[in-house]
Amino acid sequence: MVSFPILAIGAHPDDIELGCGASLAKYAQAGARIRAVVMSKGRRGALSEADRATETAHAFAKIGITDVVVYDFPDTNLTHSLNEMVAVIDEHLRSFVPQRVYTMFEHDRHQDHRAVYEASVVACRQVPQLLSYETPSSYPNFKPTVFEDIADFLELKVAALQCHRSQADRLYMQQDKVRAAAHFRGVQVDLGPCEGFLPYKMML
């Protein structure tokens, strides 16, 4: 059993699933309480009128997470909602009291991802563990130093990502690419498939 609560924060639907979906599935199966917070509905990232919030809810359900909150901050313009996002995260920290937070990467090339990272660092100053996950827009700058073995949960992550039908044309959403990314991280530490993370802080 995993007793500590986990909060995962993303800018858009699919960010969290891409970055730490298998790790969250692993902890969900071990009994952890997990909440996912998504800051925008990702309308600018869909080529159709797809409901990406519904897609992400279905994806999280696949990996065993039903506590999902999706906000409607302006997609591609989250840098102008920094104070509001800090307030939102603060609210979840008070109500959920996570001991570990997964968030986005400081040097991601997407401005929304960087904004979520900045808001997380400000809000989570008293959270014991704050880890950044990688998404395709963080390549090639992401150099993880913490690795999670996801051998038993990779296929669950792949299945969850298939719920994002509006993103099916994206190269990084292809099943073989998702598997390849996980196997690459595993090779770096002589393991099978892994997800990699960069700790902002990691109190043990």
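Looking only at side-chain heavy atoms (C-beta outward), V121 and L130 come within less than 4.5 Å of each other. Side-chain contact check for V69 versus V88: every heavy-atom pair is 4.5 Å or farther apart. Two residues are said to be in side-chain contact when any heavy atoms from C-beta on lie closer than 4.5 Å; P74 and S40 fail this criterion. Taking the side chain as every heavy atom from C-beta outward, C124 and I89 approach each other to under 4.5 Å. N77 has its side chain within reach of H80: a pair of non-hydrogen atoms, C-beta onward, lies under 4.5 Å apart. In this structure the side chain of V38 reaches within 4.5 angstrom of the side chain of I16, judged on heavy atoms. Contact of the V178 side chain with the M173 side chain is not registered, since no non-hydrogen atoms from C-beta on lie closer than 4.5 Å. At least one side-chain heavy atom of M202 sits under 4.5 Å from a side-chain heavy atom of R100.
By the 4.0 Å N-to-carboxylate-O rule, E17 lies too far from K62 to be salt-bridged with it. The residues R43 and D72 are annotated as salt-bridged, a charged nitrogen and a carboxylate oxygen being separated by less than 4.0 angstrom. Here D149 does not pair with K26 in a salt bridge; the nearest charged N to carboxylate O distance is not below 4.0 Å.
Side-chain atoms of D108 and S137 include a donor-acceptor pair closer than 3.5 Å. Using modelled atom types and a 3.5 Å distance limit, the side chains of R114 and T79 yield no donor-acceptor pair.
Taking hydrophobic clusters as Ile, Leu, Val, Met, Phe, Trp and Tyr residues chained together by side-chain heavy-atom distances below 4.5 Å, F184 does not share a cluster with L161. Under the 4.5 Å side-chain contact rule for hydrophobic residues, L82 and Y117 share a cluster. The hydrophobic cluster containing F4 also contains V37, counting ILVMFWY residues as joined when their side-chain heavy atoms lie under 4.5 angstrom apart, directly or transitively. Residues Y172 and L156 do not share a hydrophobic cluster, clusters being chains of Ile/Leu/Val/Met/Phe/Trp/Tyr side chains in contact below 4.5 Å. Under the 4.5 Å side-chain contact rule for hydrophobic residues, M85 and Y71 share a cluster.
For Q99 against P128, the heavy-atom pair with the smallest separation is OE1-CG, 3.4 Å. Across all non-hydrogen atoms, the minimal contact from P193 to L154 is CB-CD2, 3.8 Å. Closest heavy-atom contact between A53 and P13: N-CG, 4.3 Å. Closest heavy-atom contact between A160 and I63: CB-CG2, 3.8 Å. Here the closest non-hydrogen pair linking A8 and L24 is CB-CD1, 3.9 Å. What you find for S132 and F142 is that their closest heavy atoms are O-CZ, 3.5 Å.
Separating the OG atom in S138 from the CD atom in E106 is a distance of 12.5 Å, to the nearest 0.5 Å. If you take CD1 on I6 and OH on Y27, they are separated by 6.0 Å, rounding to the nearest 0.5 Å. In this structure, I150 CD1 and E155 CD are separated by 9.5 Å, a value rounded to the nearest 0.5 Å. Considering CZ of R185 and SG of C194, their distance stands at 10.0 Å, rounded to 0.5 Å. Within the model, atoms CG of L7 and CZ of R35 stand 7.5 Å from one another, a figure rounded to the nearest 0.5 Å.
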E55 vs S166, side-chain hydrogen bond (donor to acceptor under 3.5 Å, both in side chains): CA-CA, chis, key distance, verdict: CA-CA 8 Å; E55 289 180 344; S166 67; 2.9 Å; yes
Derivation of the side chain to side chain contact (heavy atoms under 4.5 Å, CB included) call for H110 and T135: CA-CA 10 Å; H110 196 302; T135 60; over 6 Å; no
Side chain to side chain contact (heavy atoms under 4.5 Å, CB included) between V101 and Y200, intermediate numbers included: CA-CA 10 Å; V101 173; Y200 177 81; over 6 Å; no
Worked verdict on E195 versus C20 for side chain to side chain contact (heavy atoms under 4.5 Å, CB included): CA-CA 7 Å; E195 287 175 335; C20 56; 4.1 Å; yes
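Each of R52, K41, R165 was scored for a salt bridge (charged side-chain N to carboxylate O under 4.0 Å, His left out) with D14, with one residue passing: R52. Here the options are Y102, Y133, F147, the test is ring pair (Phe, Tyr, Trp, His ring centres under 6.0 Å), and the partner is F197; only Y102 passes.
E148 places no side-chain N or O within donor-acceptor distance of the main-chain N or O of G196, the cut-off being under 3.5 Å. The backbone N or O of T145 lies less than 3.5 Å from no partner atom in the side chain of Q188, so there is not a single donor-acceptor pair. Using modelled atom types, one side-chain atom of R125 and one backbone atom of V122 make a donor-acceptor pair closer than 3.5 Å. Under the 3.5 Å distance criterion, the side-chain polar atoms of Q129 are matched with a main-chain donor or acceptor of M203. Between the side chain of D112 and the backbone N or O of A11 there is no donor-acceptor pair closer than 3.5 Å. Judged by distance alone, with hydrogens and angles left aside, the side-chain atoms of K201 form no donor-acceptor pair with the main-chain N or O of L131 at under 3.5 Å. No side-chain donor-acceptor contact under 3.5 Å links E91 to the backbone of A87.
Applying the 6.0 Å contact sphere to NZ of K143 captures no more than 12 heavy atoms from other residues, nucleotides or ligands.
Partners of E84 according to the side chain to side chain donor-acceptor pair (under 3.5 Å) rule, which considers only residues two or more places apart in sequence or in another chain, do not exist here.
Using cut-offs of 30° and 60° for the angle between ring planes, the H12 and H113 rings count as tilted.
Taking the ring centroids of H58 and F60, they lie at or beyond the 6.0 Å cut-off.
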